[in-house]
Amino acid sequence: MTIDHKRLLAEIEEEVRRKRESGDLPPHLERELDIVFARYAPVRALDGDFDQVLTRAEQATFIDVLAPTASSRPVIPHVKRVLRKSVVWIFRYVAQQASGFNEAIARAVRLLGTRVDALEEATGTRSIAPLVAGDGTATMPDAEHWLPVLVDALRDVQGRVLHVECGSGELVRALVNKGVDAYGVHAEGAPADAELDIRIDGVMEHLGKVPAGALAGIVLSGCVDRFPKAALLRLADQAVARLAPGGVLAVVGTDPVAWERDRSPVEVDLGAGRPLHAATWAHLLVERGLHAPAVHDGPRRRPADVPDGLGEWGARIDTLLFPPASFGVVASRPR
Amino acid sequence: MKIAYVVPRYGLEVLGGAEYGARMLAERLVSMLGWEVEIITTCALDAGTWADHYPAAEVDINGVRVRRFSSEAGRHPAFEGYSRTVLPQPAEADDETCRRWIELQGPVCPDVIDAARHGDADLVVFYPYLYYPTVHGVPAVGRRAVMHPAAHDEPPLRLPIFRDVFAAAQGLVFQTYGERRLAESLFAIGDRAQIVMGLGVEEGDGDPAAAAGAFGLDDRPYLLCLGRVDDGKGVGMLARYFAEYKARRPGPLALVFAGPVVQRPPDHPDIVVAGPVDEAVKWGALRGCTGLVNPSYFEAFSIVLMEAWTAGVPVLVNGHCLATREHCERSGGGLWFEGFAEFEAAVDRLAGDAEVRARLAAAGAEYVEGNFRWPVIIERYERFLTACALRVRRNAD
């Protein structure tokens with residue numbers, strides 16, 4: 001017995017919409033009851049949802065001048081009603097002005113929101129966002145080759161090691177098996193392994209939650225092939241800042257030539273981001289105060305249908321035609 | 001493995017809340033894993049006063065060694081007034097103000113801190129974040145500290161003093177992903193070992209007909225709101241919504257509030273305020289109700305949802321509560337409301353469509369089965385605590 005929960009929720013939403021349109025639920029009654037609800041759910045509960053916060057602000061512009069008069073004692077409600085009746089005209093006068101001001105502010109913020117939406121559309125920021133967040137698939141090129149290299153580079157660190165965009169956690173598992181205190185983060189949609197500490201989170205979001213100098217090791221992969229240039233520079237800043245003295249930072253990326261070769265022209269031309277060269281990563285890390293990194297070439301990927309056996313010259317031609325498809329850059333922070 | 005729990009109160013009489021969760025876990029670490037577990041706590045029973053109730057002594061409760069210490073101070077009469085000056089802008093409070101607020105809140109029990117600091121437990125587990133024992137205890141035990149914050153979005157969580165408390169804990173155990181998101185949005189704890197776990201639930205006995213009889217409802221259908229009857233739990237709002245619902249939809253449907261009454265909702269012919277009920281009536285009511293309603297915004301986990309799904313009924317929750325909405329979204333076993341219009345439409349569905357009710361309940365039951373049965377919980381908890389203890393040992397070497 002299963003349920004289409006999304007469909008059920010949509011049906012309820014449609015029912016609510018129909019009720020409002022038909023006048024079955026009078027607006028004044030709904031507003032009065034929604035204010036009762038709002039008293040038990042502070043607006044900060046909606047943080048992160050701009051439209052909902054604004055809707056709540058718009059609802060809150062209404063000031064109810066009729067204070068409740070109920071009381072458990074017999075005479076008090078009557079006294080309260082008399083008092084309310086005698087002063088309500090003053091409150092109404094003040095409330096009208098306050099409500100007018102609040103409405104104007106809420107309207108202005110709504111217009112500002114619309115303009116920000118338009119700006120995001122025009123600059124493409126919104127369409128880039130999902131690419132920056134990660135699509136949950138690309139993790140590490142040539143993983144089989146890099147796993148032992150990374151385990152070797154990180155096995156002796158003292159403290160926690162983070163693998164950014166860890167996929168299903170192969171590197172985290174390999175490190176944990178070697179006694180390293182490793183955990184990983186990955187974008188939404190990654191398979192969760194209950195035995196490992198793997199968080200579903202955005203790269204930048206997660207690094208923002210880690211104190212400066214807290215990590216003994218960081219491995220960056222996946223996102224380094226996909227982020228736009230500005231985001232990659234920020235990623236380098238954030239990662240270096242979170243590294244403890246003596247900590248190790250490793251970047252495993254796709255070589256830009258191989259990256260272009262393996263993609264369609266449309267994707268290459270219109271993609272939001274692209275990988276940097278190994279030398280560029282080395283430059284960025286040294287620029288941010290790390291020791292001169294070791295740069296490792298990944299394996300060469302010679303297509304199976306290219307004939308072999310052309311001797312020394314053939315090997316040289318292979319080197320030119322089929323450069324390593326990935327690289328690893330490993331640097332440490334001075335103690 | 002030896003684990004010490006530090007909680008502000010502990011006992012069989014403490015039902016619900018973080019301390020109940022601590023007892024559930026402690027007892028199962030003993031019975032299911034054979035670990036040595038002790039509780040370091042005060043003599044308090046009443047969380048409103050923290051007055052000493054139990055003798056300051058050592059007792060055994062269901063295989064768990066409980067050490068109780070007398071408090072120097074409980075809840076101070078000036079606490080509420082001081083809160084009114086501090087909590088409107090909690091983030092602005094300086095260290096002295098925060099410390100005073102914590103002391104006025106109580107229970108002030110330095111002996112608990114000493115016992116935790118000098119004990120030989122491999123890990124010291126604090127539960128929940130809000131009180132003196134955790135605020136002073138977590139920094140005192142250093143890397144042995146693991147915390148179950150049981151946090152929800154409330155002003156005290158924004159007091160700056162809690163930054164140091166959260167940062168000092170080596171490991172953090174959250175009840176929901178929403179709680180973790182909330183904590184991570186306020187404190188730089190991303191690198192800390194973490195687990196999202198919740199609590200387990202075990203089905204109890206109870207006859208629906210007997211429960212309906214106890215409520216004086218016989219064959220009438222009813223919605224059930226289980227837990228403290230308190231305006232802060234959204235009970236007043238639910239009573240108001242239900243009264244309006246009945247004015248617009250006359251019929252046999254009733255609403256039952258079952259739990260200790262702090263603030264009684266206004267009288268209404270279709271609303272029953274049953275007061276505290278025993279386990280048999282609770283489980284009978286859960287099996288016999290049309291659906292469980294939890295209108296509270298302030299929930300860190302809400303075990304009653306798991307109990308409702310275990311009993312085979314759907315749930316309706318406050319759409320702005322991180323924890324309960326997350327359970328409904330992840331399970332597909334419940335509905336939520338963010339205003340009267342949604343409440344009315346959801347109750348219409350629950351009360352009027354038996355198939356929807358059954359399907360929601362089945363989805364909820366599956367969610368509980370996969371995530372909130374004790375063997376599942378304890379297996380994950382064991383792995384997490386073992387890794388934390390290993391970290392402490394490595395650090396000591």
Side-chain angles (χ1 to χ4, degrees), chain A residues 1-6 8-9 11-20 24-25 29-34 36-48 52 56 59 70 72 158-160 162 176 179 181 183 185 194-195 197 199-201 205-212 214-215 242, chain B residues 153-154 167 177 180 184-185 187-195 231-234 236-237 240-241 244 248 266 295-298 318-322 328-329 331-333 335-346 348-349 356 358-360 362-363 379-380 383-384 387 390-391 394-395:
Chain A
M1 183 181 280
T2 57
I3 188 160
D4 188 340
H5 196 235
K6 280 186 181 158
L8 176 61
L9 295 173
E11 284 171 8
I12 288 176
E13 203 175 308
E14 175 59 23
E15 169 66 16
V16 167
R17 194 189 59 75
R18 192 196 56 71
K19 221 182 303 188
R20 284 183 183 131
D24 177 36
L25 184 62
L29 176 64
E30 188 179 7
R31 172 171 268 198
E32 182 196 326
L33 292 167
D34 284 352
V36 175
F37 180 87
R39 276 210 293 273
Y40 298 94
V43 72
R44 64 174 177 273
L46 304 169
D47 280 356
Q52 278 202 56
R56 177 65 74 78
Q59 286 168 353
S72 54
Q158 297 295 314
R160 297 216 91 191
L162 165 66
V176 168
D181 186 8
Y183 77 107
V185 294
E195 289 185 25
D197 183 359
R199 327 266 175 85
I200 306 300
D201 206 353
E205 288 81 355
H206 182 76
L207 287 173
K209 296 165 189 167
V210 175
L215 296 170
R242 263 95 199 138
Chain B
D153 197 357
E154 55 186 352
Y177 290 95
R180 174 154 89 182
E184 286 191 336
S185 72
F187 312 111
I189 50 169
D191 61 314
R192 295 291 183 273
Q194 299 177 4
I195 184 173
D231 226 21
K233 290 277 188 183
M237 177 258 287
R240 173 83 175 84
Y241 273 28
E244 194 59 45
R248 289 163 56 81
S296 172
Y297 165 74
F298 295 108
N318 185 322
H320 289 179
C321 174
L322 287 175
C328 290
E329 284 180 335
S331 67
L335 303 174
W336 55 85
F337 62 100
E338 297 174 299
F340 180 75
E342 289 97 344
F343 174 83
E344 186 177 65
D348 280 349
R349 276 308 182 95
V356 162
R359 286 177 187 271
L360 284 169
E379 189 190 337
R380 294 186 62 217
R383 209 180 295 132
F384 177 77
L390 190 63
R391 239 172 255 126
R394 271 198 205 126
N395 206 44

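Below, chain A is the first sequence line, B the second, and so on; all start at residue 1. Everything numeric here is computed off the predicted structure, so don't read it as measured data.
- No donor-acceptor pair closer than 3.5 Å links the side chain of R391(B) to the backbone N or O of G159(A).
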- Message: Please determine whether salt bridge (Lys or Arg N to Asp or Glu O under 4.0 Å) holds for the pair K6(A) and D4(A), giving the CA-CA distance in whole Å, both sets of side-chain angles, and the decisive distance to 0.1 Å.
- Response: CA-CA 6 Å; K6(A) 280 186 181 158; D4(A) 188 340; over 6 Å; no

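- Chain B forms the most heavy-atom pairs under 4.5 Å with one residue out of L207(A), L162(A), T2(A), and that residue is T2(A).
- In terms of heavy-atom pairs under 4.5 angstrom with chain B, the leader among V176(A), D181(A), L33(A) is L33(A).
- Of the listed residues (E244(B), E342(B), Q194(B)), the one with the most heavy-atom contacts under 4.5 Å to chain A is Q194(B).
- Within the 4.5 angstrom heavy-atom criterion, atoms from both the backbone and the side chain of L360(B) approach chain A.
- Residues satisfying the side-chain contact (heavy atoms from CB on, under 4.5 Å) test with L9(A), not counting sequence neighbours, are H5(A), L335(B), W336(B).
- In this structure P266(B) satisfies the side-chain contact (heavy atoms from CB on, under 4.5 Å) test with no other residue, sequence neighbours excluded.
- No other option in H206(A), E15(A), K19(A) has as many heavy-atom pairs under 4.5 Å with chain B as K19(A).
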- Item | Candidate pair N318(B) and M237(B), rule side-chain contact (heavy atoms from CB on, under 4.5 Å), full reasoning | CA-CA 10 Å; N318(B) 185 322; M237(B) 177 258 287; 4.0 Å; yes

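- We find that D201(A) and K209(A) are joined by a salt bridge, their nearest charged nitrogen and carboxylate oxygen being less than 4.0 Å apart.
- Within the 4.5 angstrom heavy-atom criterion, atoms from both the backbone and the side chain of A358(B) approach chain A.
- With a 4.5 angstrom heavy-atom cutoff, L215(A) touches chain B only via side-chain atoms.
- Taking the charged nitrogens against the carboxylate oxygens, R199(A) and D197(A) do have a contact shorter than 4.0 Å, which makes a salt bridge.
- Heavy atoms closer than 4.5 Å to chain A are found in both the backbone and the side chain of A341(B).
- Looking at L29(A), only its side chain comes within 4.5 Å of chain B, counting heavy atoms on both sides.
- Proximity to chain B (any heavy atom under 4.5 Å) is restricted, for R20(A), to the side chain, taken from C-beta onward.
- Using a 30° and 60° split on the angle between ring planes, F337(B) and Y241(B) fall in the tilted class, from 30° to 60°.
- Of the atoms belonging to D24(A), heavy atoms from both backbone and side chain fall under 4.5 Å from chain B.
- Between R349(B) and E11(A), at least one side-chain nitrogen of the basic residue sits less than 4.0 Å from a carboxylate oxygen of the acidic one, meeting the salt-bridge criterion.
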- Message: Could you walk me through whether H320(B) and F298(B) satisfy the ring-ring contact (aromatic ring centres under 6.0 Å, His included) test, starting with their C-alpha distance in whole Å, then the side-chain angles of each, then the deciding distance to 0.1 Å, before giving a yes or no?
- Response: CA-CA 9 Å; H320(B) 289 179; F298(B) 295 108; over 10 Å; no

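- With a 4.5 Å cut-off on non-hydrogen atoms, E344(B) touches chain A through its backbone and its side chain both.
- The greatest number of non-hydrogen atom pairs below 4.5 Å with chain B, out of A212(A), A214(A), P211(A), is found for P211(A).
- Ranking A345(B), G332(B), C328(B) against chain A, the residue ahead of the rest is G332(B), based on heavy-atom pairs under 4.5 Å.
- With a 4.5 angstrom heavy-atom cutoff, A387(B) does not touch chain A via any of its atoms.
- For a residue to count as touching a neighbouring chain, one of its non-hydrogen atoms must lie under 4.5 Å from one of that chain's; by this rule I12(A) touches chain B with backbone and side chain alike.
- Most heavy-atom pairs under 4.5 Å with chain A: of the set E329(B), R192(B), R240(B), R248(B), this distinction falls to R248(B).
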- Message: One pair to check against side-chain contact (heavy atoms from CB on, under 4.5 Å): Y177(B) and L322(B). What are the steps and the verdict?
- Response: CA-CA 9 Å; Y177(B) 290 95; L322(B) 287 175; over 6 Å; no

